[in-house]
Amino acid sequence: MILILEPNARPESVDFKALTGQLDRLPGIDYRVHREVGAEVTLTEIYLIGDTGALTVEQMQVLPCVEKVVRVSETYRVLGRHKHGDDRPSSFEYNGVKFGQDTLQVFAGLCAVDSPESADAMMHALKEHGQVCTRMGAYKPRTSPYAFQGFGAKCLPYVFELAGKYGIKVIAMEVTHESHVDEIRAALKATGNPTGVMLQIGTRNTQNFELLKLVGKQQEFPVLIKRGFGITLDESLNAAEYLASEGNRKVVLCLRGMKTNMGDPHRNFVDFAHVPVVKRLTRMPVCIDPSHSVGMRSVAPDGVLDLFHVAAQGVVAGANMVLIDFHPEPAKALVDGPQALLLSELAHFLEDIALSRETYLRRTALGIKHRAN
Ligand code: PEP
Ligand code: MN
């Protein structure tokens with residue numbers, strides 16, 4: 001059960017204390033207070049955990065400060081869409097960029113930062129095409145211990161400075177350890193906070209629960225969590241819920257394909273049919289990653305790259321974010337060169353995405369028209 005409090009409810013107020021006093025006396029019930037401090041309004045939700053079946057909505061509704069009571073009908077308490085009276089937001093803003101189930105952001109960029117020159121060329125191209133988001137991997141979990149592991153903290157200062165220079169507002173960057181979050185925070189501070197970072201949890205760490213708890217505890221950076229490549233969707237959504245249950249609900253779920261030979265010849269089995277499923281089950285914006293799903297630059301007989309086709313499929317189905325590998329010189333890329341798009345393909349890719357988005361919006365309007373008839 002979730003108690004949604006009146007806006008700007010203050011923990012030090014008499015009413016708030018009266019409320020928590022009453023909750024303290026409920027037998028077999030624990031509760032967790034979540035406060036989201038916004039520019040204009042502070043929202044407070046209280047999650048009741050335990051034997052809530054005995055409580056009635058009517059009984060909780062009349063408690064001081066309580067504006068609304070939502071009975072949790074689904075597993076994903078914080079991020080889920082609950083059946084009755086759940087009109088909690090499905091969007092958030094970070095560094096001036098909106099992420100929601102109704103918006104679309106493209107994060108084109110380097111799988112791994114391999115030189116200041118490639119980061120510069122990438123961000124320069126993005127600025128020329130009006131883009132304010134990118135991906136830049138600094139910490140790379142690799143299958144082989146002998147493969148390039150990313151430049152880590154060493155590359156952060158120039159990546160952040162270049163982002164400032166080219167007006168990049170959000171960089172998706174994978175972290176695999178708590179220390180990476182500290183290094184990112186320190187490098188942002190040292191460079192004067194020229195940009196923002198969306199922390200990425202890679203598919204190999206989707207169920208690294210201790211990492212999820214740590215990343216979920218901080219509310220400074222939003223989080224992009226990849227679907228686990230060999231677990232059920234329910235398990236991945238529960239992983240996202242770990243982040244939110246610790247306090248960070250600025251979470252985007254990224255579909256990136258599943259590891260199965262059935263996906264051959266693609267690197268992974270493309271799972272973008274699940275875009276509407278995740279939007280239905282949760283309030284998270286949904287990202288698609290065509291690069292790590294398809295993993296190759298094969299061209300269909302119609303002349304269109306599989307990467308473009310798959311990205312279009314996700315966007316036409318309502319994806320809210322696209323994470324996609326580009327590289328100025330893929331042959332020289334230290335990670336995932338074979339799946340990288342060329343900078344000369346950026347304009348084409350963005351136009352194709354815009355076309356797919358327009359199709360999605362027209363499809364939803366078509367649905368509204370037909371349902372009204
Ligand atoms: C990546 O996006 O760079 C990456 C390693 O993806 P995944 O965790 O999906 O393999
Ligand atoms: Mn990669």
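Indexing begins at 1, ligand by ligand and atom by atom, following the structure's order.
Nearest N/O/S atom of Asp336 with respect to the Mn ion (ligand 2) is recorded as OD2.
Listed by number with element, the atoms of ligand 1 under 4.0 Å from a non-hydrogen atom of Gln200 are 1 (C), 2 (O). Within ligand 1, counting atoms from 1 as listed, the ones closer than 4.0 Å to a heavy atom of Gly202 are 8 (O).
Evaluated by nearest non-hydrogen atom to atom 2 (O) of ligand 1, the leading choice among Arg256, Glu174, Lys226, Lys140 is Lys226.
Phe99 and Tyr94 have their aromatic ring centers separated by at least 6.0 angstrom. If you look at Tyr31 and Tyr47, their ring centroids are not closer than 6.0 Å.
Under a cutoff of 6.0 Å and an axis angle of 45°, Lys127 and Tyr166 do not form a cation-pi pair.
Not one N or O on the side chain of Thr206 forms a donor-acceptor pair closer than 3.5 Å with the backbone of Ser236.
Among all non-hydrogen protein atoms, the one lying nearest atom 4 (C) of ligand 1 is His292 NE2, 3.5 Å. When only non-hydrogen protein atoms are considered, atom 8 (O) of ligand 1 lies nearest to Thr203 N, 2.8 Å.
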Exercise. Please walk me through it: do Glu241 and Arg77 pass salt bridge (charged side-chain N to carboxylate O under 4.0 Å, His left out)?
Worked result: CA-CA 8 Å; Glu241 185 73 11; Arg77 291 180 191 209; over 6 Å; no
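Taking 4.0 Å as the cut-off, Cys111 counts as a neighbour of ligand 1 on heavy-atom distance. In this structure, Arg227 falls outside the shell of residues with a heavy atom less than 4.0 angstrom from ligand 1.
To the nearest 0.5 angstrom, Asn8 atom CG is 8.0 Å from Leu43 atom CG.
Seen from the Mn ion (ligand 2), atom NE2 on His292 and atom SG on Cys111 lie at an angle near 130° (rounded to 10 degrees).
Between Asp289 and the options Arg256, Lys226, Arg227, a side chain to side chain donor-acceptor pair (under 3.5 Å) holds for only Lys226.
Taking 2.8 Å as the criterion, Asp325 does not count as a coordinating residue of the Mn ion (ligand 2), since none of its N, O or S atoms falls below it.
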